[in-house]
Protein chains: 2
Amino acid sequence: MVGSQIAEVLKSRHPRFPEGSKVVAYVGWRDLTICSPDKMKAVFSGVLPLPDLKGLPNSYALGAVGMTGLAAYFGLLKLCQPKAGDTVVVSTAGGAVGSLVGQIAKIKGCKVVGFAGTDEKVKWIKEELGFDFAFNYKEVHLDSILKKFAVEGVDCYFDNVGGEFTYTVTRNMNEFGRIAICGAISTYNEDAKNNKVPFDYASMVYKQIRMEGFMINRWFNEWKDATLQLAQWIHEFDDNSQNPLSSEANARFYPAPPFRFPPSPPQPLLSRRVE
Amino acid sequence: MVGSQIAEVLKSRHPRFPEGSKVVAYVGWRDLTICSPDKMKAVFSGVLPLPDLKGLPNSYALGAVGMTGLAAYFGLLKLCQPKAGDTVVVSTAGGAVGSLVGQIAKIKGCKVVGFAGTDEKVKWIKEELGFDFAFNYKEVHLDSILKKFAVEGVDCYFDNVGGEFTYTVTRNMNEFGRIAICGAISTYNEDAKNNKVPFDYASMVYKQIRMEGFMINRWFNEWKDATLQLAQWIHEFDDNSQNPLSSEANARFYPAPPFRFPPSPPQPLLSRRVE
């Protein structure tokens with residue numbers, strides 16, 4: 001996965017990308033880029049008009065109103081389908097995606113239990129982002145914690161880690177539980193064949209659990225609406241200084257990047273970094 | 001899971017179950033049963049009117065037009081959602097459920113690759129039931145077989161086994177592949193926590209695979225239509241002596257049971273076995 005950047009169109013023959021307009025470019029971090037947007041078909045390769053950020057800094061299009069925000073938004077809403085009153089578990093809850101998942105779940109009226117890997121993150125997601133419960137997964141016994149703090153059973157699990165963590169959450173799910181697999185960081189360094197994990201097929205059957213992996217390009221046609229909603233939630237937060245989405249808190253761990261986005265030469269589309 | 005039986009109502013105060021009518025009773029194998037059908041809420045516990053079998057022997061309501069037929073029907077059609085031209089893999093394809101899954105997938109215009117555990121079953125599902133390819137899973141290397149006989153990739157997997165078999169099929173799936181988990185016979189004798197398996201979370205994410213367990217009670221409101229369709233397919237097969245559903249072939253491995261279904265004493269519903 002290459003880096004993305006906010007860039008400015010220097011020369012263009014493409015009607016969707018007028019010269020002077022800004023774009024989100026999934027092309028790596030470059031000074032200058034020449035590309036034909038309509039021909040970029042690979043996953044996470046492409047150039048899109050900068051979404052309407054409703055006055056937020058452009059850098060938000062690389063984070064909470066960009067790919068990580070969209071992953072949280074679509075994975076939670078499309079696959080976990082949380083209803084008000086549901087219990088939602090989030091792993092890597094202090095991460096760029098997980099921190100937003102928990103906040104969106106709160107907006108939807110859910111009880112949210114988050115797990116992160118440092119006490120600082122745990123404090124942040126609980127005290128500033130409004131997670132109902134948060135724990136340092138390195139220091140707790142997951143099964144016991146779920147039996148105590150999600151005693152009513154888990155309805156939705158936003159999975160960023162896979163493996164034994166996912167097994168334990170699955171065992172604590174309710175009938176018709178939904179798992180969105182966004183990532184599986186516990187398995188990335190291993191050959192899946194050699195990295196054997198507990199997996200409870202029987203729970204999957206008897207509880208009729210649905211587990212689904214996703215990439216956000218699948219809902220490309222809905223990105224515009226999603227980014228508008230994300231930007232709107234951030235504004236509401238800034239106005240209220242409480243949930244919806246915490247841009248300030250988000251900025252603390254994921255600072256609006258001071259990346260210097262680079263320019264690029266003509267034909268069909270030429271974009272350069274935005275300072 | 002207790003056994004089911006076809007029974008006759010001897011005494012009844014329940015308007016849906018007139019005296020003399022026949023029922024499918026999920027109550028175990030009994031001579032006489034007294035029960036209140038509306039109060040039987042447990043999974044696989046209940047009494048239902050005998051479905052319209054369109055002239056087939058009553059015993060079909062315990063098999064291809066009963067629970068195993070419904071498992072094949074709903075698991076495949078609701079969760080795998082096969083489209084004409086899709087490639088469908090079935091494990092335990094010589095079983096009461098799997099043998100029907102493959103036949104329904106053929107009716108839907110799919111390519112079907114089945115795996116069973118004896119050469120006799122393999123011959124049967126290929127030569128009599130019309131599976132496109134069939135293999136004895138004990139004698140082949142699954143990954144190589146799929147790469148050769150499902151080289152276009154697997155779209156649907158009807159899973160009865162779980163574990164390493166499921167891992168290997170998942171690795172050979174196409175984007176947006178669908179897995180219906182009906183059972184997990186490879187894991188039934190083990191504590192899931194100790195029985196570690198390979199599970200490829202990365203394939204789940206990058207191929208956006210959906211995996212879902214199910215119980216047929218979930219589609220209870222559609223049982224009537226489903227049993228009518230299954231009975232209809234069996235009749236079409238008997239008329240054509242080729243697919244749709246092979247009742248004769250099915251009968252060879254799963255003979256219409258000569259069980260002697262038992263009677264039972266009055267109040268609110270009294271049913272007895274049908275001879």
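What's counted below: heavy atoms across the whole structure, side chains too, no hydrogens, waters or symmetry copies. Residue numbers start from 1 in every chain, and the chains themselves are labelled A, B, ... in the order their sequence lines are given, proteins ahead of strands.
Each of Ile209(A), Thr168(A), Ile179(A) has some count of heavy-atom pairs under 4.5 Å with chain B, and the biggest count is that of Ile209(A). Top candidate by heavy-atom pairs under 4.5 Å with chain B, chosen from Ser186(A), Gly163(A), Gly183(A), is Gly163(A).
Separating the SG atom in Cys182(B) from the CD atom in Glu212(B) is a distance of 13.0 Å, to the nearest 0.5 Å.
Interface remark: Ile181(A) contributes backbone and side-chain atoms alike to the contact with chain B (heavy atom separation under 4.5 Å).
Taking the six-membered ring for Trp, Phe131(B) and Phe133(B) have ring centres at least 6.0 Å apart.
Taking the six-membered ring where the residue is Trp, Tyr26(B) and Trp223(B) present perpendicular rings, their angle passing 60° and hence far from 30°.
When all heavy atoms are compared, the tightest approach of Gln208(A) to Phe214(B) is OE1-CA, 3.5 Å.
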